[in-house]
Amino acid sequence: MRYTAQFFRVHYLPTELNEEQKLALALMREGDGLRHSHSGYSFLSYYKILNMVKKNGPAQKAWIKRSIGKLDKKATERIDEIQKGGEVVEDYLYHSCRCALAHAGVD
């Protein structure tokens, strides 16, 4: 079974973006483009944005914990699987992605 981020549709974009905003938008587009072909890389693209915005582990985990309730049914099914395995979702996502991000980086 494949899990990806929900489709993100932008209705408005400012005309003047700074470099970090341009990078975040590029990562968003990359994640969206990969969602059907490679869900793992798609997820990492999205997680890189979280890594840019929330600079440390505790802030990233707190954001994940606050945002879990906004996910769709397919995602909540996966969350249930993770929790049944005895893991806290924000810890699982943070630690599972951290190694990949350390090698891929945001820069």
Side-chain angles (χ1 to χ4, degrees):
M1 189 176 288
R2 299 178 83 181
Y3 300 96
T4 61
Q6 292 179 356
F7 180 75
F8 180 75
R9 187 173 195 161
V10 178
H11 298 287
Y12 164 77
L13 283 176
T15 55
E16 295 182 25
L17 300 173
N18 66 36
E19 291 303 311
E20 187 173 64
Q21 291 167 329
K22 288 177 185 177
L23 176 57
L25 183 58
L27 289 167
M28 189 66 168
R29 288 177 176 154
E30 177 182 73
D32 187 53
L34 290 167
R35 68 191 167 115
H36 296 296
S37 61
H38 199 292
S39 58
Y41 287 126
S42 176
F43 178 82
L44 286 176
S45 294
Y46 293 127
Y47 201 92
K48 286 177 187 179
I49 299 167
L50 177 59
N51 197 53
M52 288 171 56
V53 176
K54 305 295 183 185
K55 300 294 185 191
N56 61 47
Q60 292 173 15
K61 289 179 186 181
W63 184 88
I64 291 167
K65 187 174 183 175
R66 281 192 315 272
S67 302
I68 285 174
K70 299 176 183 177
L71 297 173
D72 67 7
K73 186 178 186 312
K74 185 186 269 190
T76 56
E77 289 171 359
R78 177 64 180 133
I79 289 167
D80 290 344
E81 290 176 20
I82 293 168
Q83 291 172 334
K84 285 178 185 172
E87 299 208 51
V88 177
V89 175
E90 57 271 21
D91 290 338
Y92 172 84
L93 293 176
Y94 177 77
H95 293 292
S96 292
C97 297
R98 192 162 190 224
C99 289
L101 284 174
H103 296 289
V106 174
D107 298 328

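Computed over heavy atoms, backbone and side chain alike; hydrogens, waters and symmetry mates excluded. Nothing here was measured: the structure is a model prediction, and the numbers come from that model.
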Thr76 versus Leu71, closest heavy-atom pair with distance: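 Shortest heavy-atom separation between Thr76 and Leu71 comes out as CG2-O, 4.0 Å.
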Can you see which heavy atom on Ser42 is nearest to which on Gly31, and at what distance?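 Closest approach of Ser42 to Gly31, heavy atoms only: OG-O, 2.6 Å.
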Set of residues satisfying side chain to side chain contact (heavy atoms under 4.5 Å, CB included) with respect to Lys54, sequence neighbours excluded: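 Lys54 satisfies side chain to side chain contact (heavy atoms under 4.5 Å, CB included) with Leu50, Ala59, Gln60, Trp63, Arg66 only.
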4.5 Å side-chain heavy-atom contact, Lys73 and Glu77: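 With C-beta onward as the side chain, the pair touches.
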Thinking salt bridges, do [X] and [Y] make one under a 4.0 Å N-O criterion?
X	Y	result
Lys22	Glu19	yes
Asp32	Arg29	no
Lys84	Glu81	no

Is it possible for you to say whether Met28 and Val53 belong to one hydrophobic cluster, with membership spreading through side-chain heavy-atom contacts below 4.5 Å?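 Yes, same cluster.
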Are Ile64 and Val88 connected into the same hydrophobic cluster when the rule is that any two of I, L, V, M, F, W, Y join if their side-chain heavy atoms are below 4.5 Å apart?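 Different hydrophobic clusters.
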Report the distance from atom [atom1] of [X] to atom [atom2] of [Y], rounding to the nearest 0.5 Å.
X	Y	atom1	atom2	value
Asn51	Leu27	CG	CG	10.0 Å
Glu87	His95	CD	NE2	9.0 Å
Leu93	Phe43	CG	CZ	4.5 Å
Tyr46	Arg35	OH	CZ	6.5 Å

With sequence neighbours excluded, residues passing ring pair (Phe, Tyr, Trp, His ring centres under 6.0 Å) with Tyr41: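 With sequence neighbours excluded, Tyr41 shows a ring pair (Phe, Tyr, Trp, His ring centres under 6.0 Å) to His38, given in chain and number order.
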Mind checking what makes side-chain hydrogen bond (donor to acceptor under 3.5 Å, both in side chains) contact with Glu90, not counting sequence neighbours?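 Partners of Glu90 under the side-chain hydrogen bond (donor to acceptor under 3.5 Å, both in side chains) test: none.
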Residues in side-chain hydrogen bond (donor to acceptor under 3.5 Å, both in side chains) contact with Asp91, at least two apart in sequence or another chain: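 With neighbours one apart ignored, the set is Lys61.
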Report the residues that fulfil salt bridge (Lys or Arg N to Asp or Glu O under 4.0 Å) with Glu16, sequence neighbours left out, ordered by chain and then residue number.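 Not a single residue meets the salt bridge (Lys or Arg N to Asp or Glu O under 4.0 Å) criterion with Glu16.
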Salt bridge (Lys or Arg N to Asp or Glu O under 4.0 Å) partners for Lys55, two or more places apart: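 Lys55: salt bridge (Lys or Arg N to Asp or Glu O under 4.0 Å) contacts with Glu20.
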